[in-house]
Every structure is written in C-alpha cells, then in structure tokens.
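Each remark here refers to the structure printed beneath this line.
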2 protein chains.
Amino acid sequence: MPDTPRRADRIPGNRYGNRPTMKDVAARAGVGLKTVSRVVNGEAGVTPETERRVQEAIDALGFRRNDSARVLRKGRTASIGLVLEDLADPFYGPLSRAVEEVARAHGALLINGSSAEDPDREQELVLALCARRVDGLVVIPAGDDHRYLEPELKAGVATVFVDRPPGRIDADVVLSDNYGGARDGVAHLIAHGHRRIGFIGDMPRIHTAAERLRGYQAAMEDAGIPVKDSWMSLGVTDPERVRRAAEEMLADPHPVTAIFTGNNRVTVTVIRVLAQHDRGVALVGFDDIELADLLQPGVTVVAQDAAALGRTAAERLFRQLDGTLLAPERIELPTRLVTRGSGEVPPAD
Amino acid sequence: MPDTPRRADRIPGNRYGNRPTMKDVAARAGVGLKTVSRVVNGEAGVTPETERRVQEAIDALGFRRNDSARVLRKGRTASIGLVLEDLADPFYGPLSRAVEEVARAHGALLINGSSAEDPDREQELVLALCARRVDGLVVIPAGDDHRYLEPELKAGVATVFVDRPPGRIDADVVLSDNYGGARDGVAHLIAHGHRRIGFIGDMPRIHTAAERLRGYQAAMEDAGIPVKDSWMSLGVTDPERVRRAAEEMLADPHPVTAIFTGNNRVTVTVIRVLAQHDRGVALVGFDDIELADLLQPGVTVVAQDAAALGRTAAERLFRQLDGTLLAPERIELPTRLVTRGSGEVPPAD
DNA sequence: TAGAGCCTGGACAACGTTGTCAGAAGCGGG
DNA sequence: CCCGCTTCTGACAACGTTGTCCAGGCTCTA
C-alpha cells in the first residue's frame with residue numbers, strides 16, 4: 001500500500017484529473033470506439049464475448065461516460081433547474097423535494113439555486129441554468145419582469161412558475177389561492193366575533209403578499225368593517241420589526257383583538273409576542289408551521305400544500321417537454337383552513 | 001401580435017430548440033468565430049467597434065453560450081453535487097443552503113438529489129453526478145460502503161462527507177460531536193436527579209444514531225447507572241412506532257422518568273406523547289426544533305449547527321479543488337445544550 | 001521609408017460522445 | 001462455388017466551444 005496521500009495521484013495536466021475515455025476503453029479491449037459506446041448505452045448488436053471484454057476494460061479503468069460530451073451531442077441534458085427563494089425556509093423544503101421526485105421519475109437531475117429574494121440574482125441564476133441547457137425550469141420568481149426569458153422560451157426551454165406569477169411574459173404558473181385563503185382566514189376571525197383585526201404581511205410588490213392583503217380587505221369589506229390604516233402593517237418581515245408592529249397594534253387604546261399574519265415567518269414572531277401578552281388575542285396565520293398543534297393554544301392557519309405546488313409544477317413542466325402542451329395556463333391550488341384554537345379565541349372586550 | 005401559441009415557434013428538428021450558436025452570431029456580425037468567443041468571455045483584444053457589433057448580434061439573436069460545449073472543452077464544470085437524505089427534513093434545509101452559499105461564492109452551481117436513505121439510490125445519484133463531471137461532491141451518505149467512489153477520487157473528484165462518515169474508503173468528513181452531545185444531554189438529565197432514563201433512536205447502522213446511543217450509554221455508565229434493555233428503543237423512526245415505544249416505557253410499573261430522543265423526528269413525536277401524559281416526564285432531544293421555546297415546557301435540546309456543517313464541508317471541498325489540501329481529515333463540530341425547561345423537570349417519584 | 005513590434009482577427013484542432021454508413025465476416029441456398 | 005443476406009464492427013463527421021498560432025495591418029522609431 002503506497003503511503004503517499006491519495007490526492008497526489010492526480011495528474012494536474014489532465015482535464016478531469018485523468019479520466020479514461022471511451023477511446024481508452026476501446027484500446028484496452030481491442031475494439032472500436034463505437035462498440036464501447038454501444039456497450040455503455042446498452043445498444044443491441046454486440047456479441048456477448050465482445051461485450052464482456054469491453055465491460056472488463058470499463059471496470060479495470062474505472063471508466064464513466066462523460067455526460068457533458070453526451071449532452072453536447074444529443075441536445076438533451078436530462079436535467080431541470082429549480083430557482084427558489086430560500087432553501088432554508090421550511091416552506092420550500094417539501095416543494096423542492098416534490099419537484100425532485102418528479103424529476104427523478106423522469107430520469108432527470110435537479111439543479112437548484114436560491115435567489116434570496118433578489119431579482120438580479122434570480123436572473124443570473126436562471127441564465128446560468130439556461131447556459132447549462134437545462135431542459136426546463138421551475139422558477140419561484142423574485143423579480144417582476146421576466147422578459148429576459150423570452151429567447152429561452154422561444155428556444156423551447158420549458159418553464160413553469162410557482163408560487164408567484166411571472167412578470168410581463170406569458171408562461172405557465174402554479175399558485176395557491178392566496179386571495180381566497182386569506183379571505184377565508186379573516187372571515188373565520190370575523191365569524192368568531194372579531195371586528196378589529198390586524199394584518200401583518202410582506203411587501204405588496206410580492207404577489208403572494210398582495211393577494212393575501214387583498215383577501216384580508218375583501219373579508220373585512222364583506223363584513224362591512226372599515227379598516228383602519230393602523231391595523232395594517234406591510235413590507236414588514238424581519239422579526240424585530242414584526243415584533244414592533246404587533247406590539248403597536250396591541251398598545252393602541254382601541255387595540256386589535258385578532259391578528260392575521262401573512263406568512264410563516266411573521267406568524268412565528270407574532271406567536272412569540274402574543275405568548276408574552278396576557279390578554280387573549282386571536283391569531284390566524286397563512287402557511288402551516290410545524291408543532292403548531294402543540295402550542296397553547298394551537299395555532300389556526302391557512303395551510304397551503306407546498307408539495308402539491310411543486311409536484312403540479314414539475315408535472316406540467318414534463319408535459320411541456322413531452323410536447324403535449326399548448327397554451328400557457330394558470331393553475332390555482334386551494335388552501336385549507338386548519339383550526340387549532342388560536343383562531344377561535346373570542347374578542348377580549 | 002400573432003395568435004398562434006408561443007410554443008408553436010419551436011422548430012422540433014433543431015437541438016435545443018433552435019438556439020443560435022457563436023457561428024450564427026459571427027455570421028451576423030460579420031466577424032470570425034473566435035472574436036465572438038472573445039467578446040462573450042470578456043477577453044481582451046477586440047476593438048470597441050467590433051465588440052459593439054458582436055454585442056448587437058448577440059442581443060438580436062438572443063444568443064446564450066452553450067456551457068455544455070464549454071465544459072467539454074475546459075474540463076471544469078463549475079458545479080458541485082450535493083447528495084442528501086431528504087430535502088424536506090428541516091435539518092437539511094439550512095445545511096443545503098449553506099453549501100449553496102459557499103458554492104455561489106466560488107461561482108459554482110449546485111446540483112442536488114435525495115437518497116431517501118437508500119444506499120442504492122445514493123450510489124446511483126453520486127455516479128450520475130460524476131458522469132456530469134461535477135467538480136466536487138458533498139455527500140450525506142446513506143450506505144456504508146463507498147468503494148464505488150474509488151475511481152472518482154483517483155480521478156480527482158473532490159469529495160467531502162457530512163453528518164456521517166464514509167464506509168471503507170478514506171475521505172474528508174465533517175461531523176457533529178454526536179457522542180459528546182448525547183453524553184452531555186443525558187448527563188444533564190442525570191444531574192437533575194433522573195436515573196431511569198429512556199433512549200429512543202434510529203437504527204444503529206446509521207452512524208449518528210450509533211454514536212448518540214454510545215453517548216447515552218457512556219453517560220449512564222459514568223453515573224454508575226445500569227441500563228435496562230427496556231429503556232432503549234433502537235431502529236424506531238416512524239411516528240407510530242415511536243409513539244408505541246414511548247408509551248411502553250411509560251407504562252412500565254417502574255417507568256422511566258426521563259427520555260432522551262435521538263433525532264428531531266423522534267423528538268417531535270415524543271413531545272406529542274408527553275403532551276397527553278399528566279405525569280411530568282423530562283425530555284432532552286438531539287437536534288433543535290423550531291418553536292421549541294414556545295412549548296410548555298420549552299424543549300431542551302442538544303443542538304447541532306446544520307449550517308456550520310454545510311459551510312465547513314463546502315469550504316473544505318473548495319480547498320480540495322484549489323489543490324491546497326493534503327490528507328483526508330475528520331472534522332468534528334461541537335454541539336450545544338440548549339436548556340428550555342423540559343430537560344430540567346425533576347423526576348416524578 | 002524601411003523595419004520592428006504591437007494589436008486585432010480568424011483558421012484550425014481538440015474536447016468525448018453519438019449517429020450514419022459502409023465494410024467484413026459468417027452462413028445458407030441455389 | 002458464388003451470391004445475397006444477416007450480423008457485427010469500426011471509420012468518420014458532427015455537436016459548440018476554447019486554446020494555439022499565424023497573418024495582416026497598423027504605429028513607432030531610426
């Protein structure tokens with residue numbers, strides 16, 4: 001056994017270290033290049049004896065087909081790109097997992113990246129994926145102008161947007177019913193007797209945030225409740241500011257008796273604020289959160305099915321790739337109100 | 001505006017739809033092929049006027065460099081592969097996010113896949129990534145024999161294992177101090193007066209599970225407490241069986257007064273069981289869980305820093321790629337005991 | 001004005017694979 | 001014994017890019 005460290009084996013001059021190619025395998029097996037290709041791809045027309053010799057050479061050399069070259073030749077990469085906002089957000093875990101499962105079922109690999117909610121970074125990522133010639137893209141958009149994708153769409157890159165619609169281009173999109181979900185959630189609070197209901201959500205330039213806000217306003221209007229500006233806090237997302245926003249709403253001489261929160265991160269922060277608050281304030285949050293059922297009270301939420309969003313989008317992507325798809329479509333998945341207690345707290349006054 | 005659907009634009013015969021190549025751009029700009037290449041790559045030696053003409057042609061045609069061809073030529077893909085167990089597990093979100101951040105800082109894309117804890121699927125994925133000629137691999141292993149990676153390592157594919165060590169090969173690995181963390185967690189329970197302490201964890205064939213079990217046993221032995229077999233439940237991971245295991249431990253005439261849980265999923269289930277239980281049973285869990293601080297009582301955990309694991313591994317990977325690294329190394333990151341209440345409950349009897 | 005040197009641009013090969021096509025070998029029937 | 005057929009094999013071009021190298025035109029100096 002040699003005692004030189006493993007990595008010293010590398011021959012720096014050689015690309016890919018020093019990987020054997022089909023040519024090397026062919027030489028060693030004493031056959032033609034194409035015969036190796038046939039064996040590697042399981043094509044018919046190779047004598048068992050020849051195949052054995054080739055296989056032996058492959059194993060001896062540790063040959064692995066170079067898919068880059070293959071892709072160049074064949075024009076299909078068998079990979080799709082996923083651009084999302086933040087992998088660490090628990091909402092995107094199941095979504096990306098679902099996309100991956102579908103990709104796997106179609107024999108494709110998943111390449112992904114996070115935009116960190118930055119439109120430039122989104123574009124950079126998408127174009128990098130296109131340069132890789134991914135067969136298709138699933139995009140959770142951060143920006144609101146996707147005209148930069150026009151050449152790609154024209155060139156046949158299958159594209160599906162998820163969670164938020166694309167801006168200024170026409171493409172498939174799979175959404176949750178943000179408007180309806182929020183409206184139902186707020187209506188639920190109203191049905192339990194609340195009239196002064198706060199809303200804390202993200203910047204309205206984000207489609208989901210705008211829709212949820214619209215749902216809130218619709219529910220209030222349906223109930224004939226005029227909304228005070230001080231009940232709405234928009235564009236607030238980092239914990240410290242959410243905390244302050246919630247506390248201000250509660251400190252009012254005529255405080256809100258319930259809060260509707262626009263996404264999971266906001267919900268968690270508001271739960272913390274309410275935990276230190278003695279008066280019973282009702283809470284309904286958009287997006288489910290883990291352990292919501294174990295808190296006191298359990299957290300009532302409007303849940304979206306992240307996995308279903310991902311699955312639906314990916315399946316549609318592969319139908320585009322099959323060529324069986326026609327015009328771009330907008331698919332909206334329903335949300336589900338999960339009552340656990342916090343949304344059923346009666347108004348304090 | 002034409003009313004034919006967008007996708008009808010595709011010319012099916014052409015690879016990649018009908019993407020323009022550098023040749024097309026060159027023809028349109030009336031320059032040589034290499035000049036286009038120079039402009040695209042920002043190389044020196046092109047007159048501003050020529051550059052302008054080329055750029056114009058690029059924009060007009062919607063040209064994007066084909067990275068497959070580039071990779072073939074250059075030998076570096078500027079991408080790394082990440083193989084993990086389950087993207088939907090909240091533990092892996094931050095980890096994979098951290099890997100992605102480091103990759104991004106080095107200008108690399110991340111290709112990932114889930115093994116679903118299946119060794120065959122892990123191997124399949126890893127080899128698919130190698131066929132893509134990723135520059136490096138970050139692997140959270142599912143299997144315990146990685147000799148199939150030997151040709152890859154020899155060929156210079158940088159490889160770092162995370163969370164669990166590789167089997168039967170020598171390679172870099174970044175781990176949490178599972179043994180020490182579990183020992184400390186259990187010692188914490190003992191320090192609070194517990195002597196009958198249960199352990200519920202995953203199959204000991206999984207390295208982390210085995211180490212945590214070892215930590216449990218060490219702490220008990222250090223305290224001179226003989227462990228009864230009925231206190232240990234191994235290889236139990238799906239919620240229903242965890243529930244049964246916990247209930248059995250508590251139903252014993254001489255029941256455990258505290259439980260140490262071996263991972264986040266087990267912890268969550270046990271929390272549910274304890275919530276329906278009136279006697280105060282102490283709990284310390286391995287892995288932090290969200291909202292653990294808001295439960296009654298707060299959940300005391302041995303927290304690992306998933307992001308740090310990912311970051312450390314990825315950084316080490318890129319140091320391998322820089323060529324500044326020598327022998328494989330084993331890096332162990334410390335865990336942190338976070339006391340929140342559930343671990344400080346005194347024994348019931 | 002001639003020669004040296006620099007700058008710009010382009011022709012060409014190579015990367016590793018696959019598709020096309022044609023040649024070689026084997027075999028059976030007339 | 002030859003022809004035609006089938007079966008297997010390999011030579012060659014092509015995929016789109018980049019590295020090498022050389023040619024031509026220009027500027028600068030003597």
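Quick caveat: nothing in here was measured; it's all calculated off a predicted structure. Per chain, numbering begins at 1; letters A, B, ... match sequence-line order.
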Shortest non-hydrogen separation from A/V39 to A/Q55 and the atoms involved: CG1-OE1, 4.0 Å
Please check the phosphate of C/dA14 (OP1 and OP2 only) for any side-chain N or O of B/R73 closer than 4.0 Å. no
The side chain of A/E43 is closest to which nucleotide in this list: C/dG16, C/dG19, D/dT17? C/dG19
Work out which heavy atom in A/S96 is nearest to a heavy atom in A/L87; give both atom names and the distance. OG-CD2, 4.2 Å
Under 3.5 Å, which N/O atoms of the protein pair with N/O atoms of nucleotides 26-28 of chain D?
none

Measuring to OP1 and OP2 of D/dT17, would you say a side-chain N or O of B/S37 lies under 4.0 angstrom away? no
Verify the contact: side-chain N or O of B/N41 to OP1 or OP2 of D/dT18, cut-off strictly under 4.0 Å; return yes or no. yes
Quick note, B/R65 side chain, CB onward, closest among D/dT18, C/dT17, C/dT18 is D/dT18
Starting at atom CG of A/L72, determine the distance to atom C1' of D/dT18, rounded to an integer number of angstrom. 13 Å
If every non-hydrogen atom of B/P94 is compared with every non-hydrogen atom of B/A306, which pair is closest and at what distance? CB-CB, 4.3 Å
Roughly how many Å is it from CG in A/D24 to C1' in C/dC15, rounded to a whole number? 13 Å
Tell me the interatomic distance from B/N66, atom CG, to C/dT17, atom C1', rounded to whole angstroms. 14 Å
Which letters describe nucleotides 5-10 of chain C, given B = protein heavy atom under 4.0 Å from base, S = only from sugar-phosphate, - = neither? ---SBB
Just list the side-chain donor-acceptor pairs under 3.5 Å for residues 119-126 of chain A, sequence neighbours left out, or say none.
| from | atom 1 | to | atom 2 | distance (Å) |
| --- | --- | --- | --- | --- |
| A/R121 | NE | A/S114 | O | 3.2 |
| A/R121 | NH2 | A/S114 | O | 3.4 |
| A/R121 | NH2 | B/E101 | OE2 | 3.2 |
| A/E122 | OE1 | A/A142 | N | 2.6 |
| A/E122 | OE1 | A/G143 | N | 2.8 |
| A/E122 | OE2 | A/H146 | NE2 | 2.9 |
| A/E122 | OE2 | A/Y148 | OH | 2.6 |
| A/E124 | OE2 | B/R104 | NH1 | 3.3 |

